[in-house]
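Just follow the structure's listing: the first ligand is 1, and inside any ligand the first atom is 1.
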Amino acid sequence: MHEKSIVLLNQAVAEEVTALHQYMYFHFHCDDQGYDLLAGLFKKIAIEEMMHVENLAERILFLGGDVEMKASQDVKKITKVEEMLQLAKAMEEQSALDYNRWANECGNHADSVSKRLFEQLVVDEERHYDNYDDEIENLNRFGKEYLALQSIERSKARGNAAGTAQ
Ligand SMILES: [Fe+2]
Ligand SMILES: [Fe+2]
């Protein structure tokens, strides 16, 4: 039943796994560079993508398929913050576009539950898009000072923690 949906749902799993890997890679590098705020944002969204994999997997198994835990793409080794945010934004845009199309395809072959799942994912991907867009906006407005502030906040937090430890 619903073979076509199973294929589409697995394609979505592959996109989600790619996003999860890519955002965790960005998380590691933002953390390494001292940008706590952005590191936190990438991790938070990566966890949401992992939850998307879970939602898709449940539907695939319900339909009698199996979950292909393959990534659609390899991680891109980007370490400049501006380029990270541009890639992340483009990935969210692509996912929203794909899921809108796939929701319609599921509707066309009378699988309204998969259709609704894709529509729910679009809501989240558009929110992620917006989050990344806001960060790009901050970078454009405040430039390097925006990143410097994040490093200073970390140093302050460490200084305070050291102070209380004494
Ligand atoms: Fe997602
Ligand atoms: Fe997303």
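- Checking Glu15 against the Fe ion (ligand 1), every N/O/S atom stays at or beyond the 2.8 Å cut-off.
- Note: Tyr23 and Phe28 fail the aromatic proximity criterion, with ring centroids not under 6.0 Å apart.
- Remark: at the Fe ion (ligand 2), atom OE1 from Glu125 and atom ND1 from His128 enclose 90°, rounded to the nearest 10 degrees.
- Put simply, Asp124 stays out of reach of the Fe ion (ligand 2), with no N, O or S atom under 2.8 Å from it.
- For the pair Glu92 (side chain) and Glu126 (backbone), a donor-acceptor distance under 3.5 Å is absent.
- Ionic pairing of Arg59 and Asp111 is present here: one or more N-O contacts between side-chain nitrogen and carboxylate oxygen are shorter than 4.0 angstrom.
- Residues Tyr35 and Tyr146 place their aromatic rings such that the two centres sit no closer than 6.0 Å.
- The shortest side-chain heavy-atom distance between Phe26 and Ile78 falls under the 4.5 Å cut-off.
- The Fe ion (ligand 1) forms the vertex of an angle spanning OE1 of Glu49 and OE1 of Glu16; to the nearest 10 degrees it equals 80°.
- Distance check for His52 against the Fe ion (ligand 1): an N/O/S atom falls below 2.8 Å.
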